[in-house]
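All chains are named by letter (A, B, ...) in the order of the sequence lines, taking the proteins before the strands, and each is independently numbered beginning at 1. Owing to the predicted nature of the structure, the values given are computational and were not obtained by experimental measurement.
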Amino acid sequence: MTQINDRVQEQPIEQKKSVPRLRFAPSPTGFQHIGGFRTALFSWLYARHTGGQFILRVEDTDTTRTVEGAVDDLLKGMTWFGMDIDEGPIVGGPYGPYYQTQRKALYQQYAYQLIESGHAYPCYCTPERLDAMRKMQETRKLPPRYDRHCRFLTKEQRAANEAAGATWVVRFAIPLDGETIVHDELHGDMVFKNTNLDDMVVLKSNGLAPYHLAHLVDDHEMAITHILRGEDWIPSAPLHVQIYNALGWNIPLLYHLPNILGKDKKKLSKRRNAPSWSDFQREGFLPEAVINFIALLGWSYDDKTEMFTQAELIEAFSLKRVGIASGIYDPEKLTWMNGVYIRNLSLDELTQRTLPYLERPEAAGGLPDSIQRPLDPIYTKQVLALEQERLKTLSDATKAHFFFEHELIYDAPMLIQKGIDATRTHDALVQAHNGLATLEQWERSVMETAMDELGKTLGLKRGQFFGALRVAVSGSNATPPLFPMMEVLGRDVSMKRIEQAIAKLG
RNA sequence: GGCGCAUUCGUCUAGCGGCCUAGGACGCCGCCCUCUCAAGGCGGAGACCACGGGUUCGAAUCCCGUAUGCGCUACCA
């Protein structure tokens, strides 16, 4: 019980410099949504901005809710976003272990210390009694709080409970009067009446500490200097202040970040209205775009700048410019921003990053399975050169499937443009085919000159003539410019498709 | 119910007493460009700064109420 890990005992007190140390401390109860990653991002940005350290700690004290694979998913997400971790699971560090379930003894030590100093007490109440108590409070419209039944037990009564082998927890003894001031760097001083505070459990009957004690002990032991967390923690902050005081510890700087809400104006929730990082990845969002976007959810640089590379974010980020009002997550702007990032990609990079999206199985969002993999990177690059400015996400590239398909599927009427009939369309395509066949080079400007000429002699508007050719060659009404497209498609494919179109009309 | 936090265009936000008849961005609408779709350029609609009182020569900005929204109210985080 009193065997505390050595490394915990002799904490490396003297830092080289007193540099900010920030942590991200999620509980592995499912995937992290952008709200969680936003908290992580701000901490990470501040650490990088100041040359401080960024620590990842897994708050897995609620073993009943721990989800298999959650830590793994989290780590993958952090990597995807490019947030590197200085200390934490896998990378380790001088303040480990970084799983709370492995720090059990520490919490127990401090819980007992609190009992000895009179700041906490053992509570033998059964869940049934607590339940009944709450029900009664509810019917009598009283605030549901622990009634402090065990707080004033005599020594004899305690001994009797022990002798009876009653299971017990440790509760923190909140001062019976006065008030607690929580100083938050963003919100200023927040004052709470102690009579509104509850004697919360700080050590569970299974020997593990709930969040309130565990995070606090770890933040202290890990020499955390800044705590960034969601504003939903504000109500329990006075309890934390009380525990800090009882232990005689300095309180790290507190930053309660505004929540990110869903369209329903409710807090983003893993199971209701929030996408995971892997959803973004699967849909073809670039991590740098998502980072840029979520950085702007609750933080701003000035009144106009909003595109930031990662390096620029680190340079520009300031905790002082973090807002305090909750904001709604609106994916439309993210989509726009992602498009901007895609347009800024070099062609080679775009190709390299898009290929996996095209090549994944059709069911997973890729090109039709009838198209053979792997794709030719050279050809794909030519296609993407034409599609780049049309993409909002990388997975959008599949809309250029006609560049890859063997057989085009569309109905003949699609070929017929406004103001002309089937016969003239048929004739125009035949003429175009003949004209194109005589061309020495299969090159966009050569084709355009020839077809412009032909269109005029046929008495067709560009829209009519080119429109028919567009559908013939692609089976689609929305494509890149006709001749560059035909150039990429190549002579054989283009000519064959025009022939097929003619056949459809004949 | 109790306690707490918040409140500027539909959305993200700038604003920290006079520069605001409130600026930017997304989205929306229109025009231009144009072989379609985009991209781009230009322009427009869109916020009585939640409401009501103060303080002040002067308030989106400070103070107090009210309303609304959200959060917390577990041996969850």
Sugar-phosphate only, base, or nothing, as touched by [X] at under 4.0 Å among non-hydrogen atoms:
X      : result
A/G298 : sugar-phosphate
A/N477 : base
A/M451 : nothing
A/H187 : sugar-phosphate
A/P480 : base
A/Y329 : nothing
A/L482 : base

Between A/R57 and A/E221, does any NZ, NE, NH1 or NH2 come within less than 4.0 Å of an OD or OE carboxylate oxygen?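 No salt bridge links A/E221 with A/R57.
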Quick check: closest heavy atoms across A/A472 and A/L415, and the distance to 0.1 Å?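 What the structure gives for the nearest pair is N-CD2, 3.5 Å.
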Searching all strands shown, indicate the nucleotide that pairs with [N] (Watson-Crick or G-U wobble; both distances under 3.5 Å).
N     : answer
B/C3  : B/G71
B/A25 : B/U11
B/A39 : none
B/U56 : none
B/G46 : none
B/C33 : none
B/G65 : B/C51

Distance, rounded to the nearest Å, where A/H240 contributes NE2 and B/G4 contributes P: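 These atoms are roughly 17 Å apart.
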Could you write nucleotides 24-34 of chain B as a row of B, S and -, 5' to 3', where a protein heavy atom under 4.0 Å of any base atom gives B, of only sugar-phosphate atoms gives S, and otherwise -? SBSS------S
With B for base contact, S for sugar-phosphate-only contact and - for none (protein heavy atoms under 4.0 Å), nucleotides 67-77 of chain B reads ---SBSSSBBB
So, A/Q100 and A/S27: side-chain donor and acceptor under 3.5 Å apart, yes or no?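 Checked: A/Q100/A/S27 side chains show no N/O donor-acceptor pair below 3.5 Å.
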When the P atoms of B/C64 and B/G10 are considered, how many whole Å apart are they?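 After rounding to an integer number of Å, I get 28 Å for this pair.
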